[in-house]
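Please read all numbers here as calculations on a predicted model, not as lab measurements. Along the sequence shown, residues carry numbers from 1.
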Amino acid sequence: MFTGIIESLGTVRSIESTGSNRTFWIQSPLSTELKIDQSISHNGACLTVEEVKDDTHRVTAIEETLQKTNLDSWQPGALVNLERCLLMNGRLDGHIVQGHVDTTATCLKRHELKGSWEFRFEFPRKFGHLVIEKGSICLNGTSLTIFNVKRDRFDVAIIPYTFQHTNIQSVTPGSSVNLEFDLIGKYVSRLISQKHPS
């Protein structure tokens, strides 16, 4: 479990493909603190640390992960949002995040305001029942509040701290981002669909 509060930015240093899998070496200030077998959120996707070497760590994404996330488009030099798993002895500053990406969204608009930024994202319409006005969403691993919600799009407002400390700074129109919808909303939706099958 995660909170969607990004701890550090990492940089993709190298990529290797083996069969349908893709292995990434990530350099970050957190890497020296990681342990083999530890679960780390990379742009919202939970990946297992396989090796740590100096200030880099290695993770592998399998085909299922590559199909549902934007990891397949990573290139050396890409910035990655990193978060270690939730400690159960502190405050939950974001919202409950599993690290299981549901789908990707495409940035439609990036607008700089006086001291903040607004972004608009479009996502597959079939997930529209999982978004609500002023609800939570996990975008590239970052817990955000959404507004101007439509069936297949929403806006987010980004404060300077978030802009500077996450990879939202590199998101422009056309960029693909990972989305994980609110866990509680998914359970409620599932319960309702079982009571009222279509």
Side-chain angles (χ1 to χ4, degrees), residues 1-86 94 97-110 117 119-124 127 137-144 156 158 161-181:
M1 288 290 187
F2 304 93
T3 67
I5 303 299
I6 303 305
E7 290 187 82
S8 176
L9 279 171
T11 303
V12 177
R13 287 303 175 206
S14 66
I15 304 171
E16 303 166 10
S17 294
T18 306
S20 60
N21 298 341
R22 192 163 287 191
T23 298
F24 305 93
W25 278 98
I26 311 290
Q27 182 180 35
S28 79
L30 282 183
S31 296
T32 57
E33 301 178 36
L34 303 182
K35 298 176 182 178
I36 292 172
D37 245 6
Q38 191 171 357
S39 295
I40 305 293
S41 171
H42 295 71
N43 272 10
C46 180
L47 299 174
T48 301
V49 175
E50 300 173 323
E51 186 178 351
V52 176
K53 191 181 295 182
D54 298 324
D55 62 348
T56 61
H57 66 276
R58 175 169 58 91
V59 293
T60 296
I62 61 174
E63 186 175 7
E64 168 76 6
T65 303
L66 295 172
Q67 288 177 353
K68 290 189 175 177
T69 69
N70 66 5
L71 276 66
D72 196 39
S73 65
W74 284 2
Q75 297 294 326
L79 293 177
V80 180
N81 290 332
L82 300 174
E83 181 192 358
R84 289 173 289 186
C85 58
L86 168 67
V97 176
Q98 290 184 293
H100 301 163
V101 174
D102 293 301
T103 189
T104 58
T106 301
C107 179
L108 298 179
K109 184 179 76 170
R110 167 175 163 159
W117 291 260
F119 292 79
R120 176 163 296 160
F121 293 95
E122 182 178 40
F123 61 93
F127 295 104
I137 204 160
C138 187
L139 191 152
N140 268 0
T142 307
S143 175
L144 296 171
V156 293
I158 306 296
Y161 183 89
T162 302
F163 189 86
Q164 294 161 9
H165 291 87
T166 71
N167 66 7
I168 194 77
Q169 62 190 261
S170 62
V171 172
T172 57
S175 296
S176 174
V177 297
N178 293 329
L179 292 186
E180 180 183 332
F181 300 103

4.5 Å side-chain heavy-atom contact, [X] and [Y]:
X      : Y      : answer
Cys46  : Ser41  : no
Lys109 : Phe121 : no
Thr172 : Cys107 : no
Thr142 : Ile5   : no

[X] side, atom [atom1]; [Y] side, atom [atom2] - distance, nearest 0.5 Å:
X      : Y     : atom1 : atom2 : value
Trp25  : Arg13 : CH2   : CZ    : 13.5 Å
Leu66  : Ser20 : CG    : OG    : 8.0 Å
Ser14  : Ile26 : OG    : CD1   : 8.5 Å
Gln27  : Thr56 : CD    : OG1   : 7.0 Å
Thr104 : Asn43 : OG1   : CG    : 12.0 Å
Gln67  : Thr65 : CD    : OG1   : 9.5 Å

Has the side chain of [X] got a donor or acceptor atom that lies under 3.5 Å from a matching backbone atom of [Y]?
X      : Y      : result
Glu83  : Gly4   : yes
Asn81  : Gly141 : no
Thr166 : Thr162 : yes
Thr18  : Asn21  : no

Looking at every heavy atom in both [X] and [Y], which two are closest together, and how far apart are they?
X      : Y      : result
Leu9   : Pro29  : O-CD, 3.6 Å
Leu108 : Pro173 : O-CB, 3.9 Å
Thr3   : Ser143 : O-CB, 3.6 Å
Trp74  : Val12  : CE3-CG2, 3.8 Å
Val101 : Lys68  : CG1-O, 3.4 Å
Phe181 : Asp102 : N-OD2, 2.8 Å

Chi angles and distances behind the side-chain hydrogen bond (donor to acceptor under 3.5 Å, both in side chains) call for Thr48, Gln38: CA-CA 6 Å; Thr48 301; Gln38 191 171 357; over 6 Å; no
For Gln75, side chain to side chain donor-acceptor pair (under 3.5 Å) partners two or more places apart: none
Side chain to side chain donor-acceptor pair (under 3.5 Å) partners for His57, two or more places apart: Ser31, His42
Glu7 and its side-chain contact (heavy atoms from CB on, under 4.5 Å) partner, picked from Leu82, Ile40, Leu30: Leu30
Side chain to side chain contact (heavy atoms under 4.5 Å, CB included) between Thr32 and Asp54, intermediate numbers included: CA-CA 6 Å; Thr32 57; Asp54 298 324; over 6 Å; no
Donor on one side chain, acceptor on other, Asn178 and Asn70, under 3.5 Å: yes
Donor on one side chain, acceptor on other, Thr60 and Thr23, under 3.5 Å: yes
Residues which pass side chain to side chain contact (heavy atoms under 4.5 Å, CB included) with Val97, listed by chain and number, not counting sequence neighbours: Phe2, His95, Cys138, Glu180
Test log, rule side chain to side chain contact (heavy atoms under 4.5 Å, CB included), inputs Ile168 and Asn140: CA-CA 8 Å; Ile168 194 77; Asn140 268 0; over 6 Å; no
Ionic contact status for Arg22 with Asp72, cut-off 4.0 Å: yes
Lys/Arg-Asp/Glu bridge criterion (N-O < 4.0 Å) met for Glu33, Arg84: yes
